[in-house]
Each structure stands twice: as structure tokens, then as C-alpha cells.
Amino acid sequence: MARIIASPAVNRRALLGGLAGMAGAGPVFAQPRGEQLLVVMWGAQWIEVCRPIGEEWMRATGDRIQWELHAGGAMAVVGRLRPLWPRVPQNLIAAWDPVFAAMMEAGWMEPVSETEMPALREIPDAFFKKDAQGRKMTVPLSTAGAFWGYRTDLVTGPPIESIEQLLEPRFRGKLCVPVPVNLSGLLLVSLAMQRGGNERNIEPGWQFLKQLAERGQIGRVVANNSEMINAMSAGDLSVAFWNTGGWQAVRDRFPCRLLTRLPDNKGFLFNEGFAVMKGENANRVAAAKRFANHFATAPINTRYNMPLGSGPTNINSTPAPAIADIFYKPDELERFAYIPDYAYMSSQVDAWTRRWETEITPLVRRG
Amino acid sequence: MKRGIHLWLLAPGLLLLAMLMGGPVALLALESLKPFIPGSMRPGEGWTLAHYRELLQPAYLVYFWETFRIGLIVSTLSLLLGAPLAFAAVRSPRAAVRKGLLALLVGLLVMSLIARLYAIEMAWGSLGPLAPLGALLGFAPRHPRYAEVLVGIGLLHFTLPVVALMLVGTFRALSPRLEEAAASLGATRSDAVVSILLPLAAPGLVSAFLVALAMCISNFVAPLVLGRGVVVFTTSLMYTRFADIGNYPSGAAIGITMLILAFLVVYGLSALARRLVPR
């Protein structure tokens, strides 16, 4: 994993008061000395927006933030930490629902509370992942989604109104799709739902996927945000299934239409945020919570989500105008959106990956 | 007694070797025999050969075959292109050519592989200016199998400078007087190269080929960046298991299988080379 190290500047006292006032959480900043924190974040525009926020935090608090980038999907970090646990250096890990489920199952996450992290009071209770005792375990920062979409400048003929159309000859070699380890198999769930299935009845999805692969519709299989953004920017692929962050980057450069309101399918919603990792050093865990709390405050939550094309979780944050067409109004949720059982999906990723390797990749390779 | 002293003198080195090389491989072998519990971060109890049995499925045999097939093709190309380059870098009568070639090879070696791979994607990718040339190899640039061409070019960038620089040493060790002696006895230049130079250089050529093969079959980044998700080497399968789904036992089984196959191929090719070119 790439690590980006930044050093704190010397004028921390001058900025301490200002930043504390802005965040409205003065007492938590009154630390005699800074802590070294290792924070795992996604690359692409995620790290771009986080780096300046982290630098301001370091100047204000004296904490030293070292960024580590996810390599591939966020689930990868779980596999990487497993042999190291409990001696892991990471203090905060940016992740999403299925990864939170896996880390909670492993007992790696520190509970969070409004007492230590006042900004959590401004986040709706439904966004938090909770343990068996009902304790909040995550710091939700974004409501994001995964959707089919296409570049309108590259798709000729009638617009896509159903993903059944993706079997048409005009989409031969034009589809960009993720492997099952990415988005924890949401592609398969989407295809399954098109044919009457869901995450627990995934077989219709495999059959649809085989049809797409056999007809040579799949032109590229991607494993992370950067690959998706590059693939959809190159101009030889026109349709993709990916998350809002990747789509936002593509939408910034090319005209795109996200298929968020399909009459015969659903879009997927999930929360992204921070997991505070357990650790022996109580001061460091407390510093990690302060830093995560900073991201949850309304101004920073607004700033964080704006370039990601995702919805802020703090009720006092301002959503980006550009995402109005992506996210659903309350009355649209049931009709167009679906929140699958991510914990179940994370338990199936191993089996789905094997099936992808043995049944789908050979078909895609044939073209 | 003397033999005993030699063994004691060797002991620290052997111990270090065992710790650095043998230890991790032994742990990998043990890990490959553990059961995996899907969705759990905790290892299973007991021992199993299931992860090895799974690799006998035809689909997985294809991954091994593809890895070695592309590796063998690229290693052969590296040798065919690297040998003339190395020969020219050693024997060219013009000093500027010799120095220029060596600088080019060293320059390629130190240049970031990632930068080179993305440059290949831009130049030879579906919409790149060189895509029509790549298509001459039989696949349309948008066809998924065209990714094999891209991966091959990427691996060639990786192996060619290493092979050529290895052969520079081989050709330098051969005296030019041998060719002159052959010429004085009436041999043409091509006869001298084929019947004198190549047999003498054979051990170096075989070594360079095997190093190139090892570099290819263990490569991870070229298939990842250029493979479009359809050219999947065994390294990618291992990475997915270790990093993405935390299935360490299965990843370890692929690693151990690959190690054994690589040993067999290297041993087989070395034996073949010894038989074809006796010293």
C-alpha cells in the first residue's frame, strides 16, 4: 500500500483556536502533544480531498497523519491485517458496509460514542453499524451508491432503459464491470434482480452474466476506482457498473447518464466512513476518534463529500448540487433503491470469486 | 575434522538462508493445508488438501498454462532481441554505438516499470496510435485477447534490458580472436557466429532465458495494468486470495504449486539445454 507522510507545521497554536471554533468541539483539541496516526483511505479523489483536511488538522493539533492507500477494494485491507492482528499500526480505516461487517465479526473495531465524538449527534442513527450490544461501531461519512450508467457521447441508438438492452450487438466489447471482490458482488446482485433474484438467490445473476460474457459484451474487468475511471475515460468502453465516486470523476469529464431510476431494476445504497481500530495505546485511539469526529462535523463532511459525488451524512451538511439526480427522494427509495444484506454478501465473496475465475473469465477471454 | 570445520564455517550462512528463504516457504506450505472459513477472519481447524484439489479443475490449469505460455513466448522474444543488442553493444566497431546501446539498456532498466506500462497502454491500447501494428498479431485492438499482446509488450519491456545486459557479460567473456581464427580458416561471419560463438555462449543464453522466464511468470504488475482483467496470471489469483478475500490457505496453495512447477520447468529446460549443447 502506498503511504503518504506529511509533517506537522510549527504554528499549531495559532491555528488551534480557529479550527476548534469552526468545529465547535473545543475541549477535544486541548492536547498537550500530538499523536502519530495511520489512516487508510482510498486513492483517486478520496485522498485528494483528505490530504488538505489532514494537513489543516496537523497544523491545528500537532497530530501527525500518515495516509495509507487502499490497494484494490477496501476489503483487501481486511485480508492484509488478519495475520498481523492485534499488532496492526492502522488507527482509522475508511471502508464501507461489507467491510465494516467483516471487521466487526473479527472484533477489530472500537465502539464510538457522542460523548467522545460530539459530531456523531448530527448523524442519523440509521447510518451507524452497531454491534450485538447496540453500540455504534462506525463513523458514517457518506451515503454512496452503485449504479449502471453510460457515456451518452459514445452510446448511439436508443437510450438504455433496461439492462436487458446490454445484450444488444451495439454493446459488444463496451461493458466495464467489476470483479466480485469489488463492491462485494453488487454487479451480480444487480444482474440477479433483473431476472427475479437477489443476493440470496444469485443464480439468475450468474446466468445473465454468462450471457453477457458469451456474447463478448464485457470489454474490461476492473478492480479499483482508478481503473474504472481510466477505462471509462479512454473512449473504447461506454457502459459500466460502478460506485458514485468513480462515476463522479467520469461525469466531471464526459456526459454521462446514471441509471438510478430503472423501472425493472434497482440502484444500491451504502454508507462509507471510518472504522476506529482497537489499540493498546489509549491516547492514540482517542486521537483517532478526534480525527474521525473532525471528518463528521458539518463543514468537513460537506467538503469531503462534494468532490466524491456522495451524499453527506451530517444533517447540517450541504449536499453537492450535482448529485441531485443520483440520490433518491424519500418517496423514491422503495421504488428505485435496494439495500442488500452486505454481511451475507461479504461471506459469499470467496465462492463468487472462484465461480468468476472458473466460469466467467474464460468466457470473457474468448471475447 | 577438516570437513567438520567447513560445515561449522558454513553454518551461519546456511542458517541465514534457511531463515530468509526456507522459513517463509515452509510457513506458506503449512498455511496451504489449513481449511478456510468463508466470511471469517479466523483460520479453520485441522488440515486439508482441498486447496490443491481445487487447482486441478480445468479452468485453473488454464491459468497456469497461460502464465507459462506467455512467459515462454516473452522469454524467447527477449532472447531473440536481446542477443543481437548485447552482441552489438560488445562487438560494434563504433564506440558511440557500444556506449549508446549500454546507456539505453541501463536506462530502460532503471525507468519505472509503472511509467512504462502506462506508456504502453497509451501507445498500444485500443485507441493508441500503434494499435493497428498490434492488431497484425491477430487480434483486433478491442478484442479481449488483444490484452495478451499488451501484456507481452509490457513483460518484454521488463525482461529485455535484463537479458541483454546479462548477455553483454557473456559475449564480453568470449574472445573475438575465436571468430578471427574461424575466418582465417575460411568460415563466413555467419558460420563463425553459429558454429563457434553461439555454442560457447549457450550457457549464458540459457541462464538469461531462465531469468527472463522467472521474471515473467512471477510478474504481477504487467497483467494487472495491461491485462484488462482477462489476462490473469497465477500471481493475480494469489493476490486476490491473500489481499482481497483473505483466503490465505488457497493463496498459499497456488504459491506452492507455482514454486514446484517453476522448479520443474527450470530443471527440465536446463537438462534440455545440457543435452542439446554439451560442454
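Order of the sequence lines sets the chain letters (A, B, ...), proteins ahead of strands, with each chain counted from 1. Owing to the predicted nature of the structure, the values given are computational and were not obtained by experimental measurement.
For the atom pair CG of A:Leu237 and CZ of B:Arg228, the computed distance is 8.0 Å after rounding to the nearest 0.5 Å. Rounded to the nearest 0.5 Å, atoms CD (A:Gln348) and CD1 (B:Ile245) are 12.0 Å apart. In this structure, CG in A:Asn230 is found 6.0 Å from OH in B:Tyr118, a value given to the nearest 0.5 Å.
For A:Glu359, no part lies near chain B; criterion is any non-hydrogen pair under 4.5 Å. For A:Val222, no part lies under 4.5 angstrom from a heavy atom of chain B. For chain A, the nearby part of B:Phe242 is the backbone; its heavy atoms alone come within less than 4.5 Å. When heavy atoms are compared at a cutoff of 4.5 Å, A:Thr358 approaches chain B by way of both its backbone and its side chain.
At least one donor-acceptor pair under 3.5 Å links the side chain of B:His143 to the backbone N or O of A:Arg366.
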Quiz item: Could you go step by step and tell me if A:Arg354 and B:Asn247 meet the side-chain contact (heavy atoms from CB on, under 4.5 Å) rule?
Solution: CA-CA 11 Å; A:Arg354 284 152 200 271; B:Asn247 188 343; 2.5 Å; yes
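For A:Arg151, the salt bridge (charged side-chain N to carboxylate O under 4.0 Å, His left out) partners at least two apart in sequence or on another chain are A:Asp153. Applying the ring-ring contact (aromatic ring centres under 6.0 Å, His included) rule to B:Phe233 yields no partners; only residues at least two apart in sequence or on another chain are considered.
Every pair tested for salt bridge (charged side-chain N to carboxylate O under 4.0 Å, His left out) that includes a residue from residues 175-184 of chain A fails, sequence neighbours excluded, so the list is empty.
Enclosure of atom CH2 in A:Trp85 by more than 12 non-hydrogen atoms of other residues, nucleotides or ligands within 6.0 angstrom is indicated.
Of the listed residues (B:Val62, B:Leu127, B:Val232, B:Leu237), the one with the most heavy-atom contacts under 4.5 Å to chain A is B:Leu127. Between chain A and the options B:Gly229, B:Ser126, B:Ala59, B:Ala147, heavy-atom pairs under 4.5 Å are most frequent for B:Gly229. Counting heavy-atom pairs closer than 4.5 Å to chain B, the top-ranked of the candidates A:Glu227, A:Arg365, A:Met345 is A:Arg365. Among the candidates A:Val364, A:Val349, A:Val221, the residue making the largest number of heavy-atom pairs closer than 4.5 Å to chain B is A:Val221.
Contacts from residues 209-219 of chain A to chain B, taken as heavy-atom pairs separated by less than 4.5 Å, involve A:Ile218, A:Gly219 in sequence order.
Minimum heavy-atom separation, B:Tyr63 to A:Glu357: OH-O, 2.6 Å.
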